[in-house]
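To start, the structure under review is shown below, and the notes come after it.
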Amino acid sequence: MSGHFRSQPPPTESQAFSKRPQFSGFMKPCRFEGEMQNLEVIKGKIPVELDGTFYRVMPDPHLPPRIENDAWFNGDGNIGAFRIKNGRCHFKQRYVRTEKLVREREAGCALMGGYRNKYTDAVAFKIRSTANTNIVYFNGRLLACKEDSPPYAIDPETLETIGLDDFDGQLPSLTFTAHPKLDPTTGEFICFGYEAKGDGTPDVCYFSIAPDGNFQDTVWLVAPVVAMIHDFAVTENWILFPMIPQTCDIDRMKAGGEHWQWNPDIPFYIGVIPRHGAKSSDVKWFRAPNAFPGHTANAYENADGNIVFDLPITPKNVFFWWPDKDGNAPDPESIASDFMRFTFDPRSSDLDLPKPEILLGEDCEFVRIDDRVATRPHSHTFLAIMDPKVGTNWPVMAPVMGGGHPPYNSFGHFDHQTKKVQKYSPGTMHLVQEPIFIPRSQDAPEGDGWLMGLINNYATMSSELHIVDTADFQKPCAIINLPIRLRAGLHGNWVDAQDIALSA
Ligand SMILES: C=Cc1ccc(O)c(OC)c1
Ligand SMILES: [Fe+2]
């Protein structure tokens, strides 16, 4: 370890992060690696039924980036693991040893340039992944994902990086989504990559992996535009690719510009293929008016064989740091997504989608379901929600918040039967990160269990892990205190001890 510190030359670059909002206040890079045993439980009790690990990842620049105004999404993936057992919680955090991080640590300065733009790099990289978007468990592998590259495999126990994972040479695509789906009925891992033949290519590669790790279907598609396909949806018989109208242009990238530009002149496309035995020519690109599709809650087929697809949507550009061709972007505070439902016939030859229904007209994102019903009808959705009635103390928080990420102050539990949302609001000096759902037991009813997620406490400028019982949603079941600050992250998942033991 110490050897490579000695080999570093004296710094020529600044060793300070810029004063931009995305590097300030709560968003100042955390950069901590290490572990803490027996975290303090400052309220309630951790349910003794919980035995597993909550893995989550945050983009966390390990060194000041080469681009002064670098985007939050370009930070290095720092994985946190909350191991919970016998009413206790132990914490570990470790950076993914990406090619980027290893070579930059060696050099003592950033070598990679802007987000997904290799033309701004100081050296040539084989893999540009920052491994900063999701951490997913499948078939004994913990995968740290970034949608521009294959995933890195991580040791679930030590968080050490095992290496880039090409699924024993079976990965057909240069890229791998950060939102693969596990079908709880068949055990299949359903995946895709876009820009799958390299930067600026319209090729999308769909593939499914059997529970034993062997690749099954592989289908190559061509998209009508080169746009971001961040999340997707899977039903029993169909695959859906919602496209964010952020488009890529190689010449702009070569000139040192951004990978993405907001494009208000194209539809919101949803590509649809049969899940089993599809040919390239089977794809249909359904269209809705220009809009920004957020994360997928779930999709399923109803009794008529129509697809029901639930996701937050807004007409505005959520990625305001990637403006349109004229440099226009919305005021971040004006962006709000409603939770919407598309119901449509995938067999239809009319490609214009029927208008979606608003399920919940409150600003929300980070939608999650009880994963035991994924791809089948769901009646509960959990989400992060912005509730103006909480009375969040913006005047005191604003100077220490930093910026670049959307603010949500409550966890929500939306009941699709009653169309009502219950809320858990941790306080007026608090914001929430993505919640995850853990079932109370394997045979508990859908949606019965606990929500778990990180809370940013702007009074203490440190993080807390809150556990909320879905049967008593108003108050916390347990608050676990961290003596450090974990900046805004993207996604996480609960891995039950049983599942790790089974595949070990
Ligand atoms: C919506 C999230 C999103 C989309 C693309 C990304 O590269 C990313 O990195 C953290 C995040
Ligand atoms: Fe995501």
Side-chain angles (χ1 to χ4, degrees), residues 53 55 57 77 79 94 96-102 116 125-199 201 203-221 229-234 239 241 273-278 280 296 371 374-375 490-493 495-496 499-504:
T53 306
Y55 296 98
V57 61
I79 311 283
R94 193 170 167 87
V96 182
R97 266 42 179 186
T98 58
E99 181 185 341
K100 172 185 188 296
L101 181 132
V102 169
R116 293 186 72 176
F125 287 92
K126 284 197 279 296
I127 295 292
R128 293 187 86 259
S129 174
T130 48
N132 70 4
T133 315
N134 203 354
I135 178 90
V136 180
Y137 189 74
F138 171 68
N139 188 31
R141 304 172 196 237
L142 189 60
L143 303 172
C145 300
K146 179 74 175 180
E147 66 194 39
D148 68 354
S149 300
Y152 278 93
I154 306 295
D155 183 315
E157 178 62 37
T158 64
L159 298 186
E160 276 162 336
T161 302
I162 297 162
L164 202 68
D165 198 336
D166 66 358
F167 299 86
D168 308 310
Q170 297 177 95
L171 187 64
S173 167
L174 291 177
T175 57
F176 183 92
T177 179
H179 287 283
K181 309 273 181 254
L182 191 70
D183 183 324
T185 312
T186 65
E188 290 164 286
F189 201 45
I190 321 283
C191 314
F192 75 98
Y194 74 95
E195 291 187 69
K197 293 185 178 173
D199 285 336
T201 60
D203 306 86
V204 178
C205 185
Y206 161 76
F207 46 97
S208 70
I209 312 179
D212 64 4
N214 283 313
F215 275 50
Q216 310 175 131
D217 300 73
T218 296
V219 185
W220 283 92
L221 311 169
I229 312 178
H230 176 63
D231 200 348
F232 80 134
V234 177
I239 305 291
F241 298 108
I273 55 165
R275 175 164 158 187
H276 307 284
S280 306
T296 295
D371 287 324
T375 76
L490 276 302
H491 304 292
N493 290 286
V495 180
D496 214 84
D499 299 333
I500 299 243
L502 282 178
S503 53

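Note: hydrogens, waters and symmetry copies are ignored here, and every other heavy atom, side chains too, is used.
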When rounded to the nearest 0.5 angstrom, what is the spacing between CZ in Phe215 and CD1 in Ile209?
3.5 Å

Would Cys145 and Thr133 count as a side chain to side chain contact (heavy atoms under 4.5 Å, CB included) if you check the C-alpha gap in whole Å, the side-chain angles of each, and the deciding distance to 0.1 Å?
CA-CA 6 Å; Cys145 300; Thr133 315; 5.5 Å; no

What is the distance from atom CG of Leu164 to atom CG of Leu171, rounded to the nearest 0.5 Å?
8.5 Å

Please check: side-chain N/O of Thr161 versus main-chain N/O of Ile154, any donor-acceptor pairing under 3.5 Å?
no

I'd like to check Phe207 versus Val219 (side-chain heavy atoms, cut-off strictly below 4.5 Å). Are they in contact?
no

Considering all heavy atoms, the nearest Ile135-Ile79 contact:
CD1-CD1, 3.7 Å

Residues in side chain to side chain donor-acceptor pair (under 3.5 Å) contact with Glu188, at least two apart in sequence or another chain
Thr186, Gln216, Arg275

Could you check whether any side-chain N or O of Ser149 sits under 3.5 Å from a backbone N or O of Lys146, counting only pairs where one atom can act as donor and the other as acceptor?
no

Set of residues satisfying ring pair (Phe, Tyr, Trp, His ring centres under 6.0 Å) with respect to Phe125, sequence neighbours excluded:
none

On a heavy-atom basis, the closest approach of Ile127 and Pro150 is CD1-CD, 4.1 Å

Can you check whether Ala178's main-chain N or O pairs, donor with acceptor, with Asn134's side chain at less than 3.5 Å?
yes

Shortest non-hydrogen contact from Ile162 toward Asp155:
CD1-N, 3.7 Å

For the atom pair OG1 (Thr201) and CG (Leu174), what is the distance rounded to the nearest 0.5 Å?
7.5 Å

Phe176 side chain reached by Asp148 side chain, heavy atoms, under 4.5 Å:
no

For the residue pair Leu182 and Asp371, establish whether any side-chain heavy-atom pair is separated by less than 4.5 Å.
no

For a quick test of reading the model, state the closest non-hydrogen atom pair linking Pro184 to Ala374 and the distance between them.
CD-O, 3.4 Å

Step by step, would you call Ile273 with Leu221 a side chain to side chain contact (heavy atoms under 4.5 Å, CB included)?
CA-CA 9 Å; Ile273 55 165; Leu221 311 169; 3.8 Å; yes

Does Glu147 reach the side chain of Thr175, with side-chain heavy atoms less than 4.5 Å apart?
no

So do the side chains of Tyr152 and Leu143 get within less than 4.5 Å of each other, counting heavy atoms only?
no

By side chain to side chain donor-acceptor pair (under 3.5 Å), which residues pair with Gln170, not counting sequence neighbours?
none

Presence of salt bridge, Glu160 and Arg97, under 4.0 angstrom
no

Summary of salt bridge (Lys or Arg N to Asp or Glu O under 4.0 Å) pairs that have at least one residue in residues 126-140, sequence neighbours excluded:
Asp121-Arg128

Can you tell me how far apart OG (Ser129) and CZ (Arg116) are? Round to the nearest 0.5 Å.
10.5 Å

Side chain Lys181, main chain His179, donor-acceptor under 3.5 Å
yes

Is there a side-chain contact between Lys197 and Asp203 in this structure, where contact means two heavy atoms from C-beta onward sitting under 4.5 Å apart?
yes

Exactly one of Phe192, Tyr194, Tyr206 should register a ring pair (Phe, Tyr, Trp, His ring centres under 6.0 Å) with Phe232. Which one does?
Phe192

Residues two or more places apart in sequence or in another chain: which of them pass side chain to side chain donor-acceptor pair (under 3.5 Å) with Thr98?
none

To check you understand the geometry: which heavy-atom pair defines the closest contact between Ile500 and Val495, and what is its length?
CG1-CG1, 3.5 Å

If we ignore hydrogens and angles and just use 3.5 Å, is the side chain of Asp496 paired with the main-chain N or O of Asp499 as donor and acceptor?
no

Rounded distance (nearest 0.5 Å) linking atom CD of Glu157 with atom CG of Leu142:
11.5 Å

Using a 4.5 Å cut-off on heavy atoms from C-beta on, say whether the side chain of Asn493 contacts that of Tyr55.
no

For Asp165, enumerate each residue passing the side chain to side chain donor-acceptor pair (under 3.5 Å) test, keeping only those at least two apart in sequence or located in another chain.
Arg141

Separation between SG of Cys191 and CD1 of Ile239, rounded to the nearest 0.5 Å
10.0 Å

Over all atoms of both residues, closest heavy-atom pair of Thr218 and Pro172
CG2-CG, 3.9 Å

